[in-house]
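Reading through the structure tokens given below for one structure.
Please read these numbers as outputs of a predicted model, since none were measured by experiment.
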Amino acid sequence: MNPGTELGRYTVETRIEEIPGGERWAARDTTLDRDVTLVVMPSDADSTAAALDAARRAAGVEAAQLVRILDVGSEDGLSFIAEDAVGDATTYTEAIGTDGLPAEEVRRITGEVATGIEAARARGLHHLALTPDLVLLTGDGRVKVQGLATAAALAGIETEGEEADRDDATGVVALAYAGLTGTWPLDRPSGLPSATRDGSGPPPPSRVAVGVPGDLDTICRETLGEGTGPDSPGDYAAQIAPWSRIPLAGALRTAPSAADETTHAVPTGSRSDTETPDEAGGSGAAVAGGALAGGAAVASAADGDETTAIPRESDDEVTREINLGQREGVTTTITRGDETPAGRSQRSRAARDDDSTQRLPRERSRDEGSRDESAHGRRTAAAAAAAAAAAAAAAGAVGTGGKVLGDRLGKAAKTAGGRSREAIHDARARREAIRADQRTRSSLGSAPTTAEVEAPAPLLPAEAGAPPSRRQANLVLVLMAGFVALACLFGGIGASRIGSGSDLGRILGGDETTAVATSEDTGGSGSSSGGGEPLAIANAAGYDPAPGDGVEHNAEAPRVYDGNPDTTWTTEGYGSEAFGGVKQGVGITVDLGQSQSISSVTLQLPTSAQATVFAGEQPANSGTEVGRTQGRTGEVELQPSSAVNGRYVTVWFTSLTPSDDGRYRAALGEITVR
């Protein structure tokens, strides 16, 4: 098939890629004048009939995270499946690149994938062939999954029931592992390098990457190494929730290569051959701690030679951006981690001519995988030697001050350990609840086809079917007449009292008019005077636009709507009340889930601050103003002078208050939107 070929009402334009059992082409719907994507396959192939049937069933699933199937047909010996074209999208493989993605961005993407696959599971459908190449990230940060049921049908995969639920859950966990480590842990072909393996499967992400949260590390280890973990995509989504709906920008990547690029090497000598991987892991932790404390020297070794890596002068390179475009202060585009964004017509995945940025092919030879694994092992050994040298250097440089720092880190670790145990306990409770609920559900493929139910027993004796006597009929008529009379009596009494205690003249209209005053800021504290029920808050995130790094204590953001004013969100520490002269302000944004009419916003302010509240369809520090507060504390209610509509409410702080540690911060205990 060539460009320009007509298949029904579609004109094919550009071949995007080859897939098992067929090809994917960009095409044009000449009837509706829109771009589509066609999956084209030979009509006489063994897998074609199953793929077309799967596409027809998948077309009935409606989920925002799934690429919609529009049409199915055959012509001139070729069969095709028409899908929505996602022209501005990049694949998850390209977004990961060689640097990996921030852990919270991995949580968001895999959580959205699990939500979409779970919606299909409720309709009796499964994906069964998840890979990073089938997950698309649009320009505005949305997640789309291709190949629901059809990719598995083309590959000849047939699984049903609980085994299919488990396979899809494993696929989603593998996507999380790929985002954290930059490697692919399953046997399915993928554009990412294969993960290293030992007797129990791939190593946990925390052993090959930095900054991996405990819950994601545990789920990957249990699922890919121990054969346990979540039983379904919905189970996985419940265990990692909540996640931000807003794509992250400017956060630290997890893959080791992102950290390697921030240093340059200086030869220092030879490396000991007796160092073990466990020792390397311990040293790596020491290096990470040193970097956070102030930048201790980092050592790296490769091919037997030890080199000392000296941090570059720019601190901005420690937290490299993910190359996300922004639209009015909101993160909008996720691009590849190892190259700059490039225009992609019809989401073409054709290989680039430049060998230095050429995308990895979908099918890799066994020798190439071995070379990648060997290179990865050398980088791991290099990081181990680097960590050992850095630990010794940091210990000598810190001296007696290291003991004080160690005590503080120990206390912080105990506190974090307690919170981690509580989180694990809550996650297990949610998992058991979901599993109990899922035991009552089954896929359409495993549902029984016949019902074995006994005939119902008669509820009344046979004589109950005899016609009533005249006496019985008269009694029924008398009772009905009595009920009608009572209804008329109570109706007349009620009608006579209509309007009593009311000023009908003012209700029906008159010469007098009443002015209704609105207040922009009620001021002070006390009980709220705003009417209406509080609106539900779906999510919250710190708001720190340029020149900031895009995040502001995001992990504490859910505290502002947990119902407890004693748990607070705080800004980062700054050198002065005016943010040390580096920015104009910072804030926090809450997401109402959809556009709402806003009548008031109530803030619980633990410390005095100057803040302005904005509402709109995007997080922003400008636009429609709800109100502002000047140096007040406690409960402060803000009311707009006119009607305000918006999905996002942003509290923008323009001044800070001294804190106990000598830094300046702003804090918010609770926000209520009505």
Side-chain angles (χ1 to χ4, degrees), residues 16-25 36-43 45-74 78-86 91-92 110 112-136 143-175 186-190 230-237 362 438 441-447:
I16 299 174
E17 62 180 353
E18 294 185 11
I19 60 176
E23 298 176 344
R24 182 171 277 113
W25 286 74
V36 297
T37 300
L38 292 184
V39 178
V40 184
M41 64 214 91
S43 297
D46 295 337
S47 60
T48 298
L52 295 179
D53 179 68
R56 294 186 183 97
R57 291 184 290 121
V61 179
E62 296 183 1
Q65 299 84 359
L66 302 177
V67 174
R68 187 174 51 159
I69 294 179
L70 305 175
D71 193 11
V72 174
S74 299
L78 295 175
S79 298
F80 60 88
I81 301 170
E83 303 175 339
D84 256 340
V86 193
T91 66
Y92 189 43
T110 56
E112 291 293 311
V113 171
T115 302
I117 302 301
E118 179 65 17
R121 190 183 77 88
R123 298 290 299 272
L125 291 174
H126 300 86
H127 195 292
L128 302 178
L130 279 172
T131 66
D133 301 323
L134 294 178
V135 177
L136 308 178
V143 178
K144 295 286 187 179
V145 180
Q146 283 184 323
L148 175 66
T150 60
L154 289 172
I157 302 174
E158 296 181 1
T159 311
E160 291 290 343
E162 295 181 359
E163 183 180 358
D165 297 344
R166 173 69 182 175
D167 288 348
D168 274 349
T170 302
V172 177
V173 174
L175 294 178
L186 301 183
D187 295 330
R188 302 169 191 163
S190 169
D231 296 327
S232 68
D235 190 2
Y236 172 85
R362 292 178 176 272
Q438 290 174 349
R441 301 168 56 183
S442 61
S443 67
L444 297 182
S446 60

Gap separating the [atom1] atom of [X] from the [atom2] atom of [Y], nearest 0.5 angstrom:
X: Arg188; Y: Leu134; atom1: CZ; atom2: CG; result: 9.5 Å
X: Asp165; Y: Glu160; atom1: CG; atom2: CD; result: 9.5 Å
X: Ile16; Y: Arg24; atom1: CD1; atom2: CZ; result: 7.0 Å
X: Tyr236; Y: Ile117; atom1: OH; atom2: CD1; result: 13.0 Å
X: Leu136; Y: Thr91; atom1: CG; atom2: OG1; result: 7.5 Å

Measure across [X] and [Y] and return the closest heavy-atom pair with its distance rounded to 0.1 Å.
X: Ser232; Y: Arg121; result: CB-NE, 4.0 Å
X: Leu125; Y: Ala58; result: CD1-CA, 3.5 Å
X: Asp167; Y: Leu128; result: CB-CD2, 4.0 Å
X: Leu154; Y: Pro20; result: CB-O, 3.3 Å
X: Pro132; Y: Ser190; result: CD-OG, 3.6 Å

List in chain and number order the residues that pass salt bridge (Lys or Arg N to Asp or Glu O under 4.0 Å) with Glu158, two or more places apart in sequence or in another chain; answer none if no residue qualifies.
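Applying salt bridge (Lys or Arg N to Asp or Glu O under 4.0 Å) to Glu158 gives none.
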Using salt bridge (Lys or Arg N to Asp or Glu O under 4.0 Å) as the criterion, list what pairs up with Asp187, not counting sequence neighbours.
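With sequence neighbours excluded, Asp187 shows a salt bridge (Lys or Arg N to Asp or Glu O under 4.0 Å) to Arg197, given in chain and number order.
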Does Ser43 have any side-chain contact (heavy atoms from CB on, under 4.5 Å) partners at least two apart in sequence or in another chain, and if so, which?
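Ser43 satisfies side-chain contact (heavy atoms from CB on, under 4.5 Å) with Ser74, Ser79 once adjacent residues are dropped.
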Applying side-chain contact (heavy atoms from CB on, under 4.5 Å), name anything that partners Thr170, two or more places apart in sequence or on another chain.
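Here the qualifying residues are Arg166, Leu186, Thr223, Leu224.
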Taking only residues two or more places apart in sequence, or in another chain, which ones meet [X] in a side-chain hydrogen bond (donor to acceptor under 3.5 Å, both in side chains)?
X: Thr150; value: none
X: Glu23; value: Arg15, Trp25
X: Tyr92; value: none

Donor-acceptor contacts, no H, no angles, side chain residues 60-72, under 3.5 Å, sequence neighbours left out:
| residue | atom | partner | partner atom | Å |
| --- | --- | --- | --- | --- |
| Gln65 | NE2 | Glu112 | OE1 | 3.2 |
| Arg68 | NE | Asp84 | OD2 | 3.1 |
| Arg68 | NH2 | Asp84 | OD2 | 3.2 |
| Asp71 | OD2 | Tyr10 | OH | 2.9 |

Below 3.5 Å, can you tabulate the donor-acceptor pairs from side chains in residues 48-55 to any protein atom, sequence neighbours excluded?
| residue | atom | partner | partner atom | Å |
| --- | --- | --- | --- | --- |
| Thr48 | OG1 | Pro42 | O | 2.5 |
| Asp53 | OD2 | Arg57 | NE | 3.3 |

Checking side chain to side chain contact (heavy atoms under 4.5 Å, CB included) between Glu83 and each of Val39, Val36, Leu148, which is the one that passes?
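The single option meeting the side chain to side chain contact (heavy atoms under 4.5 Å, CB included) with Glu83 is Val39.
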Quick check against the 3.5 Å criterion: does Asp168 have a side-chain atom that pairs as donor or acceptor with the backbone of His127?
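Yes, because the side chain of Asp168 sits within donor-acceptor range (under 3.5 Å) of the backbone of His127.
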Side-chain heavy atoms of Ile81 within contact of Met41, under 4.5 Å:
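Side chain of Ile81 against side chain of Met41, heavy atoms only: contact under 4.5 Å found.
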Between Leu130 and Val145, is any pair of side-chain heavy atoms under 4.5 Å apart?
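Yes, side chains in contact.
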Given the rule in the side chain to side chain contact (heavy atoms under 4.5 Å, CB included) test, do Thr159 and His126 qualify, once you have shown the distances and angles that lead to the verdict?
CA-CA 9 Å; Thr159 311; His126 300 86; over 6 Å; no
Side chain to side chain contact (heavy atoms under 4.5 Å, CB included) between Asp235 and Glu118: does it pass, once the steps are laid out?
CA-CA 9 Å; Asp235 190 2; Glu118 179 65 17; over 6 Å; no
